[in-house]
Amino acid sequence: KEKHKILHQLLQNST
Amino acid sequence: SHLLQTEPGSLAANHDASTDGSLRTLLTLCDLLNRELLVLIGWAKQIPGFSDLSLVDQMSLLQSGWMEALLVGVAWRSQSAAGEELVFAGNLHLSEAQCRAAGLADVYEAVRHLTVRYQGMKLRLEEAVTLKALALANSDTDPVDCPDALQRFRDGLHEALQDYELSRREQHRTGRLLMSLPLLRQTADRTVQNLLWLQRQRRIPLHKLLLEMLDAKA
């Protein structure tokens, strides 16, 4: 997950 | 109809002003891809069933299937282009010579082949948006975190495609579309390999998200 930080963040954002 | 409503439509290219010639084409394309990725991730979350997947599976599907999903859009837009150009955006049409000059000869050949296949069957918008979602849902994730949710996600999209073709009394098109998925995957793989090679060869600066998604493929 650390390696794919941006994707992880974008998926967790609700909007 | 849900997929039609949530289809984001195509972005415009921002022509890179820092350089010119073939490098400009490449940088413009990479900037476009990075913005398309952002839109794609937002779009994926709206596909019925996607949010029921675990976060791990959502990430795996996107890391594996993003290029396939994006290329459905390119092939769709290029169907009616003049002079066998690839239409990456309304303001970014690339000919074979332009692709070759930018180091994208392999991308051109592969995506052109895919485009011809969809041209031949006169792909419709309803089919293109469903195919895009199916390509994402069908991408290979190993191991799968929640197999049941993933199967339901795939089944739902398959059923939507079947229902659509049945409503038009053209059930045979479901099979034709599914049979195009191997070519779509092959095209995406060639495109990713071409970009990874270019990144190493020309050391082009890439946006962080695109780099992250390419890294997942490397």
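FYI, side chains are in, hydrogens and waters are out, and symmetry mates aren't considered; it's all heavy atoms of this structure. Naming: A, B, ... by sequence-line order, numbering from 1 per chain. In this text the structure is predicted, and so the values were computed from the model without any measurement.
Side-chain atoms of B:Glu212 come within 3.5 Å of backbone N or O of A:Ile6 as a donor-acceptor pair.
Using a 4.0 Å cut-off between charged nitrogen and carboxylate oxygen, B:Glu165 and B:Arg124 count as a salt-bridge pair. Salt bridge status for B:Lys132 with B:Glu36: absent, with no side-chain N to carboxylate O gap under 4.0 Å.
Residues B:Asp52 and B:Phe153 have side chains not in contact (no heavy-atom distance under 4.5 Å, counting atoms from C-beta outward). Here the side chains of B:Glu127 and B:Tyr118 are not in contact, with every heavy-atom distance at 4.5 Å or above.
Shown here is B:His15, whose NE2 atom has more than 12 heavy atoms of other residues, nucleotides or ligands within 6.0 Å.
At a heavy-atom cut-off of under 4.5 Å, chain A is reached by B:Lys208, B:Leu209 from residues 187-211 of chain B, listed in order of number.
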